[in-house]
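Protein chains get the first letters and strands the later ones, always in sequence-line order, with residue 1 at the start of each. We use all heavy atoms of the structure for the numbers below, so side chains are in, but hydrogens, waters and symmetry mates are not.
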Number of protein chains: 2
Amino acid sequence: MFSKTCKYGLRAVLYLASQAQEDHKLGVKQVAAALEVPQPFLAKLLQQLARVQIISSAKGPNGGFYLSDKNLVANLRQVVECLDGPDVFSSCILGLPSCSSANPCPLHQQAVAYRNSLLDVMERQTIREVAQRIGAPEYAQSPLSLLIKKDNQP
Amino acid sequence: MFSKTCKYGLRAVLYLASQAQEDHKLGVKQVAAALEVPQPFLAKLLQQLARVQIISSAKGPNGGFYLSDKNLVANLRQVVECLDGPDVFSSCILGLPSCSSANPCPLHQQAVAYRNSLLDVMERQTIREVAQRIGAPEYAQSPLSLLIKKDNQP
DNA sequence: AGAATAAAAGACTTTTTTATCTTTTTTTTA
DNA sequence: TAAAAAAAAGATAAAAAAGTCTTTTATTCT
């Protein structure tokens, strides 16, 4: 589905959204440890996201990454498009470059429904909304929460 | 989404379903030329599909690949699972190994809807049904048809 | 039986993705 | 103002995916 880069990125963004603030930034090291993701790889990817201002960053002591209020009301589609390229949500399921609604492949019609579902997942809710669920009771045992707990309760 | 291998495989299967029969098998060379796909790469992939009997093949003169009646009533999900592995339709959208309905990631609930749409595309219709659409009027200009025409009208 | 045809199988190469390492720049604070 | 902290940037390495080439095996037809 998505590349590893993209999955790491989504997890990191959600982690930052739920754990960091402007006055409590998190370094790559901490995020990488919490999510069990290769640290230098994560660093590069967070820099990509920071460059286009999907997340925020600051250098120096007490520096690190976080999401500003503006960042929090954006959605996950942008994260995906930044890391996996802009075509993930529009390219033909059979990989045909000339496929379009005017010139459909035999799966085109049905693929539209699937694509809308995916867009729905990534676009309908803000990053803040998704991140808030991490702490909710029904998610208490969820993988992301577990990672967070591992980090907070040594 | 799917790997290139898988896209090539889906296109080849649909092409074979619409163009080949038991008494008119098609060689790798012909399929590769029609679909504009690297020939030796396609060969390996068709062999994978033939090994698990998703498609049929015969060696020797007048040999080649085709779909038997039994092959034609199967669906495209099997093609995908053969070429991209069995987890494409079930793995977590964030790549979390421990994610499940009992232990959901914050996107799990919504991801179920998207996954069902995808399964619907790949599973609800038989290969024959999908392949038949290639020749239908509303698909006359579709990419796969164009490729077929290119091959049949030199 | 022998020649030709085409898939099957396996080894190999290239490209892309994933991952790592090193140096530089910026910022903070003592 | 110097030291430390952390992101930014860039070069390098390993692994996986994509693509190619060569040899073997099975089948058909003359």
Rounded interatomic separation in angstrom, taking CG from B/Leu46 and P from C/dA9:
13 Å
Base-pairing mate for C/dA30 - Watson-Crick or G-U, with both contacts under 3.5 Å
D/dT1
Distance in angstrom units between A/Lys25 NZ and D/dA8 P, rounded:
12 Å
Within this structure, what is the CD-to-P distance between A/Gln53 and D/dA8, rounded to whole angstrom?
12 Å
List the atom of B/Leu42, the atom of B/Ala12, and the distance in Å for their closest heavy-atom pair.
CD1-CB, 3.9 Å
Any sub-3.5 Å donor-acceptor pair from A/Asp84's side-chain atoms to A/Ser3's backbone N or O?
yes
Quick one about B/Ser68 and B/Asn71 (side-chain donor to acceptor, distance below 3.5 Å, no hydrogens or angles considered), yes or no?
yes
In whole angstroms, how far is the P atom of C/dA6 from the CG atom of B/Leu16?
15 Å
Starting at atom NZ of B/Lys29, determine the distance to atom C1' of C/dA7, rounded to an integer number of angstrom.
12 Å
Think B/Arg51 has a side-chain N or O under 4.0 angstrom from the OP1 or OP2 of C/dA7?
no
Sub-3.5 Å donor-acceptor pair from the side chain of A/Gln125 to the main-chain atoms of A/Val121, do we have one?
yes
Rounded to whole Å, how long is the line connecting atom CD of A/Gln47 with atom C1' of C/dC21?
14 Å
Given atom CG of A/Leu83 and atom P of C/dT18, what is their separation to the nearest angstrom?
11 Å
The answer to which of A/Ser57 and A/Pro61 contacts DNA chain D further toward the 5' end, by nearest nucleotide, is A/Pro61
Which one of A/Val31, A/Val13, A/Val28 satisfies the side chain to side chain contact (heavy atoms under 4.5 Å, CB included) criterion with A/Phe65?
A/Val28
Return the value, rounded to whole Å, for the distance between atom CG of B/Leu45 and atom C1' of C/dA8.
14 Å
By nearest-nucleotide position on DNA chain D, the 5'-leaning member of A/Ala43 and B/Asn62 is A/Ala43
Side chain to side chain donor-acceptor pair (under 3.5 Å) evaluation trace for B/Thr126 with B/Asn75:
CA-CA 5 Å; B/Thr126 64; B/Asn75 60 51; over 6 Å; no
Residue from B/Val130, B/Val79, B/Leu76, B/Val88 passing side chain to side chain contact (heavy atoms under 4.5 Å, CB included) with B/Met122
B/Leu76
Would you give a per-nucleotide map of nucleotides 10-22 of chain D, 5' to 3', where B means the base has a protein non-hydrogen atom under 4.0 Å away, S means only the sugar-phosphate does, and - means neither?
-B------SBBB-
